[in-house]
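All figures in this text were calculated on a predicted structure; none of them were measured in a lab. Residues: numbered from 1 along the sequence shown.
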Amino acid sequence: MVEAPQTEEGWFALHDFRSIDWDAWRDAPERERRRAIEEGEAFLKHRELVADAEEGDSGLFSVLGHKADLLFVHFRPSLDDLSSIERRFEDTALAAFTERTTSYVSVTEVSGYVSDAYFEEGPEEVDAGLRRYIEGKLTPEIPDDEYVCFYPMSKRRGEEYNWYDLDFEDRADLMAGHGEVGKEYAGKIKQVIASSVGFDSHEWGVTLFGSDPTDIKDIVYEMRFDPASSRYGEFGDFYIGRRFPPADLGAYLAGETVPTGEEGGHGEGGHHGEGGHHGESGHHGDDGHGSHGEGHDHAGAGGGSASGDHPHGEEDAGGEGDHPHAGDEGDGGGVSDEEIRGELADLDIYAGKPHGEDVYATVLYSEADVDELFDEVEGLRGNFDHYGTHVKTAVYEGRHTDRAAVVSIWDTASAAETAAGFLSELPEVVARAGEESGFGTMGMFYTVKPDYREEFGDTFDEVGDILAEMNGHVETDLMSNVEDENDMFIASQWEAKEDAMTFFGSDEFRETVEWGREVLADRPRHVFLA
């Protein structure tokens with residue numbers, strides 16, 4: 001019997017293709033269409049925020065041609081997670097205007113073609129770059145603002161050419177040659193190959209992402225001339241589309257071009273750190289994988305928590321976390337970021353960037369060596385900088401604690417949440433701001449004029465003495481950016497909103513704010529981190 005390569009599985013994948021009943025949509029009353037858009041947007045937004053599982057990813061795409069109108073792509077750790085997503089969508093008002101034209105179920109996979117040592121010696125024994133590459137294959141992220149091509153494929157079992165009659169070495173050689181073609185598209189094409197053996201009609205589902213659709217055409221065209229495809233490849237239907245954010249669902253249904261590029265556009269749909277999505281080599285083969293390329297910079301899972309997941313907010317589904325009319329609520333007793341910012345503004349306290357634009361921050365604490373931590377963060381920051389929603393990411397050392405803080409600030413809440421998934425993989429992460437108290441953490445960011453830096457620290461110590469005596473105060477620390485000692489971060493943890501607001505409305509804090517207007521080099525940012 002011919003040797004079958006070893007495999008390891010990662011996330012399960014669902015490609016859900018939907019057509020719109022346009023006649024029913026046009027005939028529906030305005031209130032029904034509005035409800036469908038609201039519930040559809042809320043459902044899809046929470047899928048992209050991964051509010052239904054500990055990890056995974058989702059994306060929404062328009063599809064060209066008669067075969068479908070929309071494509072929902074979901075990656076989750078288990079088939080049960082995908083089953084839940086299917087059923088929850090059917091409970092939205094949008095579902096009544098759609099019909100599933102087809103779907104595809106698969107699971108991400110790596111095999112012995114990638115690395116024998118990975119299977120024979122264990123993941124910890126292989127090169128770190130290869131290990132991250134494999135992790136990225138098993139837990140893929142969906143790129144933002146990209147075209148998508150999906151098609152199923154199998155390996156031929158014909159009388160003249162039968163892939164499964166070849167021995168391992170011959171198949172490995174063919175896959176290596178196949179991968180050489182794929183290397184020419186490093187930086188242009190990102191691929192996700194998932195096995196559907198025993199799950200669906202073909203043996204693999206292939207998903208290609210690229211910012212230029214002609215690159216997708218070119219790589220498929222060139223692969224057709226490679227023996228791994230010309231002799232042994234068999235393909236199903238091809239689908240082509242474009243990603244757009246859930247916030248553009250109404251625009252899509254109105255016939256507008258999506259993504260619209262307007263504020264609240266793709267940033268709503270989540271940020272995905274590039275982390276090696278580009279620069280991969282290879283294409284598809286027996287397990288869909290060519291030889292590994294020059295490194296997947298970082299593997300991680302976006303993920304966030306939400307209170308419940310049901311589109312109508314029934315109690316048995318866990319509350320209002322996915323209700324189309326619910327706010328973006330954290331765990332602070334149903335308090336939204338917008339509420340907190342509004343109350344800070346009422347108190348005449350700076351909140352947000354200059355001119356009042358909101359920012360969102362993710363903060364994680366680590367007990368790792370600061371230099372080691374900074375090296376890791378610097379690599380991630382290079383990837384984050386590719387995205388227009390990224391404001392800054394930095395490492396801060398504590399004044400009164402031994403741990404460091406990794407702070408990542410973004411223009412959108414979903415981008416900050418997704419970045420948290422990547423940051424959570426940093427060494428010796430011990431907590432995330434907002435998890436250590438009943439209400440949450442106020443993050444205060446200050447750039448101090450150099451001449452006032454020491455005075456600023458002394459003033460903080462005086463305020464800290466006041467905080468220590470206040471009800472509901474958990475911990476407050478002043479931290480300095482390891483790259484710029486004048487860049488300060490104050491993380492203040494509280495048990496209840498009322499306790500925090502008592503402090504922020506106090507004369508002591510008001511006096512500090514007034515003093516800060518003179519000693520700060522820039523307008524501060526205050527963000528709620530629960």
Side-chain angles (χ1 to χ4, degrees), residues 271 273-276 295 297-298 300 350 352-354 357-412 415-434 441-461 464 475-492 516 519-527 529:
H271 156 83
E274 275 190 26
D297 291 330
H298 196 81
Y350 294 138
K353 294 191 298 185
E357 303 101 330
D358 287 336
V359 290
Y360 301 84
T362 286
V363 177
L364 293 98
Y365 298 112
S366 172
E367 294 179 347
D369 176 78
V370 172
D371 292 336
E372 176 189 356
L373 184 65
F374 176 78
D375 288 342
E376 293 281 343
V377 170
E378 192 172 27
L380 278 175
R381 184 169 59 188
N383 292 325
F384 291 164
D385 284 340
H386 288 285
Y387 295 87
T389 52
H390 182 229
V391 177
K392 68 180 290 186
T393 297
V395 177
Y396 291 78
E397 286 189 282
R399 183 178 178 90
H400 297 301
T401 60
D402 292 332
R403 65 187 183 181
V406 179
V407 177
S408 193
I409 305 176
W410 299 80
D411 285 334
T412 66
E417 186 66 31
T418 305
F422 291 90
L423 296 170
S424 66
E425 300 295 323
L426 292 170
E428 298 186 52
V429 168
V430 293
R432 179 174 174 182
T441 298
M442 287 301 302
M444 293 163 276
F445 299 90
Y446 303 104
T447 303
V448 184
K449 295 176 181 177
D451 291 344
Y452 288 96
R453 182 175 54 81
E454 291 187 11
E455 185 177 354
F456 188 88
D458 294 338
T459 301
F460 169 81
D461 291 338
E475 180 183 82
T476 299
D477 193 20
L478 174 66
M479 314 185 87
S480 299
N481 189 333
V482 298
E483 298 172 272
D484 179 4
E485 62 182 4
N486 299 312
D487 176 12
M488 305 286 191
F489 165 52
I490 298 178
S492 188
V519 305
L520 299 182
D522 195 4
R523 190 179 178 95
R525 295 185 175 106
H526 295 160
V527 294
L529 304 176

For K392 against H390, the heavy-atom pair lying closest together | C-NE2, 3.2 Å
Side chain to side chain contact (heavy atoms under 4.5 Å, CB included) between E397 and S480: does it pass, once the steps are laid out?
-> CA-CA 5 Å; E397 286 189 282; S480 299; 5.6 Å; no
Checking T476 side chain against I490 main chain: does a donor-acceptor pair fall under 3.5 Å?
-> no
Report the distance from atom CZ of R381 to atom OG of S408, rounding to the nearest 0.5 Å.
-> 10.0 Å
Taking all atoms of both residues into account, what is the closest heavy-atom pair of L478 and G457, and its distance?
-> CD2-CA, 3.9 Å
Just do the side chain to side chain contact (heavy atoms under 4.5 Å, CB included) check on V448 and E455 with the steps written out, would you?
-> CA-CA 10 Å; V448 184; E455 185 177 354; over 6 Å; no
Out of curiosity, L426 CG to D375 CG, how far, rounded to the nearest 0.5 Å?
-> 11.5 Å
Can you check side chain to side chain contact (heavy atoms under 4.5 Å, CB included) on Y452 and L520, steps first, answer last?
-> CA-CA 8 Å; Y452 288 96; L520 299 182; over 6 Å; no
For the residue pair F384 and F422, does the interplanar ring angle fall in the parallel (under 30°), tilted (30 to 60°) or perpendicular (over 60°) class?
-> perpendicular
Evaluate side chain to side chain contact (heavy atoms under 4.5 Å, CB included) for M479 paired with V407, printing each intermediate quantity in order.
-> CA-CA 11 Å; M479 314 185 87; V407 177; over 6 Å; no
Hey, which of V363, L373, T362, V429 is the one that makes side chain to side chain contact (heavy atoms under 4.5 Å, CB included) with V406?
-> L373
Any chance you could measure Y396, atom OH, to R403, atom CZ, to the nearest 0.5 Å?
-> 16.0 Å
